[in-house]
Number of protein chains: 2
Amino acid sequence: MDDLGQADRAEPEDTRVRAARIQDVARLADVSTATVSRALATPERVSPEARARVLEAIAKTGYVPNPAARSLRSQKTFMVLVVLPDLSNTFFSKILRGIEETLFEAGYGMIISDLDGSPEKEAHFAAFTAAGRVDGAILLNGHLFGQSREGEGQPARIGIPLVALCEAIPGADIPQIEIDNRASASRMTRHLASLGHRRIAYVSGPANNILERERFLGFKDGLEAAGLPFDPALVIPGDYTIESGVAAGQGLVARNTRPTAVFCTSDEMAIGLMRTLLSAGLRVPQDISVAGFDDIEFAAVAEPSLTTIHQPRRELGQAAATVLIDLLQGRPTPKQIRLGTELVIRDSVAPPG
Amino acid sequence: MDDLGQADRAEPEDTRVRAARIQDVARLADVSTATVSRALATPERVSPEARARVLEAIAKTGYVPNPAARSLRSQKTFMVLVVLPDLSNTFFSKILRGIEETLFEAGYGMIISDLDGSPEKEAHFAAFTAAGRVDGAILLNGHLFGQSREGEGQPARIGIPLVALCEAIPGADIPQIEIDNRASASRMTRHLASLGHRRIAYVSGPANNILERERFLGFKDGLEAAGLPFDPALVIPGDYTIESGVAAGQGLVARNTRPTAVFCTSDEMAIGLMRTLLSAGLRVPQDISVAGFDDIEFAAVAEPSLTTIHQPRRELGQAAATVLIDLLQGRPTPKQIRLGTELVIRDSVAPPG
DNA sequence: AAGTTGCATGTAATCGATTACATAGGGTTG
DNA sequence: CAACCCTATGTAATCGATTACATGCAACTT
């Protein structure tokens with residue numbers, strides 16, 4: 001019966017080669033499939049001789065375990081979902097790299113979901129995770145799946161480990177990996193003030209964004225620490241994109257009394273804003289200082305080079321992946337990790353003229 | 001026996017909720033599992049009444065098919081691997097977005113592999129695909145898995161559909177999605193020549209890179225078309241990164257006779273190079289013109305704004321994903337797609353001073 | 001009315017691994 | 001030497017879907 005079964009499928013003269021199965025390895029090594037499986041998963045539980053024969057057979061057949069079968073039985077996928085709001089944003093790419101390399105070393109693959117502000121996409125990926133296609137997820141988008149719907153702090157329960165990266169998720173009982181946005185924004189504001197700036201404008205992120213809220217608080221902290229009044233007229237709405245920086249710049253150019261310094265809460269906005277100021281004939285930093293936030297690659301080669309807050313993006317990604325893997329493997333994890341930032345002083349900020 | 005089997009696993013008072021299985025749906029809808037499966041896969045083969053009951057049961061249970069089980073049986077994963085040389089490179093992010101959105105609409109997920117120049121990572125992902133974790137792959141890295149080893153045009157045979165994006169893979173019998181690099185480079189060269197530039201430097205990509213080879217041929221085509229001689233002394237090595245642009249700029253600054261225009265084969269190099277020239281007190285474009293290639297987001301807001309070749313990055317990604325999906329679903333596909341580029345004229349290029 | 005066709009559905013084999021349980025054999029202990 | 005334990009290994013159930021094959025029934029043909 002066994003032989004018949006084997007013979008049945010033994011038609012290798014067919015056109016294409018079928019991938020080797022665990023049975024093929026077992027037969028070649030003259031052991032059972034259980035031993036093959038054990039030789040790979042728990043080598044210490046298999047005799048050295050058997051192990052050697054199995055490894056040889058694996059090398060000979062080029063056997064690679066079928067992940068679908070493995071996952072079906074063990075309920076593990078060795079896949080992690082990374083949810084982000086905008087894949088084409090420069091800021092995320094280095095973070096992704098940090099995530100990817102850490103996951104890779106631990107044997108996990110990375111599936112990316114670019115939500116792009118679409119609730120249906122979000123619903124799809126919620127179902128996706130619920131269906132057990134991934135073992136865990138890293139959320140860069142600032143909220144849990146379906147949190148908008150459910151109100152409260154009780155969103156659709158996803159039964160897998162989650163980690164929030166960069167954008168902390170208020171009320172969610174999951175590890176948060178982030179920088180201290182408030183302190184960093186305060187730091188930059190104080191730096192500007194310490195150079196003598198008294199009228200400092202603030203180009204914001206999107207309303208309701210958690211980063212924006214923190215940075216805005218930090219901005220006000222900084223003003224207060226420097227003994228400067230807060231003037232709402234100096235708050236310019238933005239959304240972290242180059243385009244919104246350009247728009248903010250146009251608004252500034254049109255004013256008759258201008259601030260002497262502008263603190264943009266992303267480098268992309270700062271670069272877009274500088275561009276607009278320069279085109280209008282203003283000089284940076286002589287006429288107006290511009291500061292950014294993030295320290296993306298282009299900050300150092302902008303003209304003038306950009307004074308900004310450095311975020312350790314790669315390390316943020318690595319930390320998030322590490323925490324998630326610890327969660328997945330049942331190790332204890334911290335509830336919160338805060339990585340330090342640095343004030344990077346370049347040429348776009350100077351004392352007021 | 002059936003009942004016993006059911007009773008066996010019916011311990012729902014346990015702590016966590018188990019995901020609904022096809023059996024749960026079948027029982028609730030009072031049909032067999034086969035009918036549930038058919039109601040989803042081939043609705044026309046199920047009576048309207050049964051279908052309605054199944055759909056209702058699915059809604060009630062929140063059933064989502066287990067992908068591991070489905071994939072084990074049907075040998076399909078609905079996952080696509082995207083292989084790229086450097087995830088943190090700005091150039092790729094918009095392409096990725098084009099790929100992701102197209103795959104998503106067709107019901108496919110995207111797994112990303114950042115090779116980072118590591119042969120072992122490449123080997124890992126070759127095994128990964130061979131193990132059937134993905135249905136197909138989009139290669140942005142210019143060669144097939146293991147092509148370096150095997151020599152010739154006969155690399156380790158991966159039994160799944162592949163598509164090459166941006167970097168054509170010579171000798172590989174797979175669809176290629178790309179722009180006409182040679183014609184585009186020629187176009188830019190002729191543009192510079194037409195403004196009166198006679199000494200045009202060329203900052204190259206990495207040696208042996210297929211894009212580099214094509215663009216270099218285009219550069220020489222352009223010179224020839226304009227009746228200009230080719231001078232090897234005006235070829236400056238680069239590797240598409242900002243840093244190599246900076247280095248190229250330093251080399252230029254140190255020369256006593258300089259070209260009047262520099263054609264950089266990536267925007268990142270052009271921006272790094274401009275930065276260095278400006279820091280050295282040279283004016284762009286008055287003293288020296290600088291042109292780029294790619295038209296990344298920052299090209300328009302660089303100072304001065306960058307004259308470059310626009311690549312339709314999102315559309316490239318979409319086209320590659322579309323072709324791959326067609327391949328996966330057995331539809332006929334073109335062997336090659338070439339998307340058009342555009343010469344974008346901005347401020348970094350002017351007639352020689 | 002008997003035979004044929006086709007639709008809707010159910011039964012059970014199957015995909016390929018993991019792992020609970022069973023077992024054989026060697027070693028240790030009293 | 002009997003009782004016991006431990007190690008290495010095998011047997012077979014199991015994960016949850018898909019799908020080949022079987023079946024029952026209604027409608028149609030001659």
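A, B, ... follow the sequence lines: proteins, then strands. Residue 1 opens every chain.
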Identify whether any heavy atom of B/Thr35 sits under 4.0 Å from a base atom; if not, whether one sits that close to sugar-phosphate; answer base, sugar-phosphate or nothing. sugar-phosphate

Check the side chains of A/Arg331 and A/Gln329 for a donor-acceptor pair under 3.5 angstrom, ignoring hydrogens and angles. yes

Starting at atom CZ of B/Arg70, determine the distance to atom P of C/dG16, rounded to an integer number of angstrom. 18 Å

Considering every strand and a 4.0 Å limit on heavy-atom distances, what is the contact class for B/Ala50: base, sugar-phosphate, or nothing? sugar-phosphate

Parallel, tilted or perpendicular, as decided by the 30° and 60° cut-offs, for the rings of B/Phe78 and B/Tyr108: tilted

Does the side chain of A/Ser88 come under 3.5 Å of the side chain of A/Asp86 through a donor N or O and an acceptor N or O? yes

Indicate, yes or no, whether a donor-acceptor pair under 3.5 Å links the base of C/dG16 to the side chain of B/Arg73. no

Which residue lies toward the 5' end of DNA chain C, B/Ser74 or A/Ala34, if each is placed at its nearest nucleotide? B/Ser74

How many Å lie between CG on B/Asn66 and C1' on D/dT18, as a whole number? 12 Å

Phosphate oxygens OP1/OP2 of C/dT11: is one of them under 4.0 Å from a side-chain N or O of B/Ser32? no

When you measure from the side chain of A/Ala69, which nucleotide among C/dT18, C/dT11, C/dG16 comes out closest? C/dG16

Could you check which of D/dT9, C/dT18, D/dC15 has an atom nearest any side-chain atom of A/Gln75? D/dC15

Check the side chains of B/Asp24 and B/Thr61 for a donor-acceptor pair under 3.5 angstrom, ignoring hydrogens and angles. no

Output yes when at least one side-chain N/O atom of A/Tyr63 is less than 4.0 Å from OP1 or OP2 of C/dA17, else no. yes

To the nearest angstrom, how far is B/Glu49 atom CD from C/dT9 atom C1'? 13 Å

Report yes if a side-chain nitrogen or oxygen of A/Ser37 is closer than 4.0 Å to either non-bridging phosphate oxygen (OP1 or OP2) of C/dA17; otherwise report no. no

With heavy atoms under 4.0 Å as the rule, sort A/Val46 into base, sugar-phosphate or nothing. sugar-phosphate

Rounded to whole angstrom units, what separation is found between the CD atom of A/Glu44 and the P atom of D/dT7? 11 Å

Any base atoms under 4.0 Å from B/Val31, or only sugar-phosphate, or nothing? Heavy atoms, all strands. sugar-phosphate

5' priority, DNA chain D, between B/Ile22 and A/Arg38 [closest heavy atom]: A/Arg38

Taken to the nearest whole Å, CD1/A/Ile58 to C1'/C/dA17 is 13 Å

Find the distance between CG (B/Leu139) and CG (B/Leu162) and round it off to the nearest 0.5 Å. 5.0 Å

Gap between atoms CG and C1', on B/Leu40 and D/dT19 respectively (whole Å): 14 Å

Is any side-chain nitrogen or oxygen of B/Ser47 closer than 4.0 Å to OP1 or OP2 of C/dT9? yes

Could you give the CZ-to-P distance, from A/Phe78 to C/dT18, as a whole number of Å? 10 Å

Rounded distance (Å) that lies between atom P of C/dT9 and atom CZ of B/Arg45: 11 Å

Between A/Gln176 and A/Glu167: side-chain donor-acceptor atoms closer than 3.5 Å: no

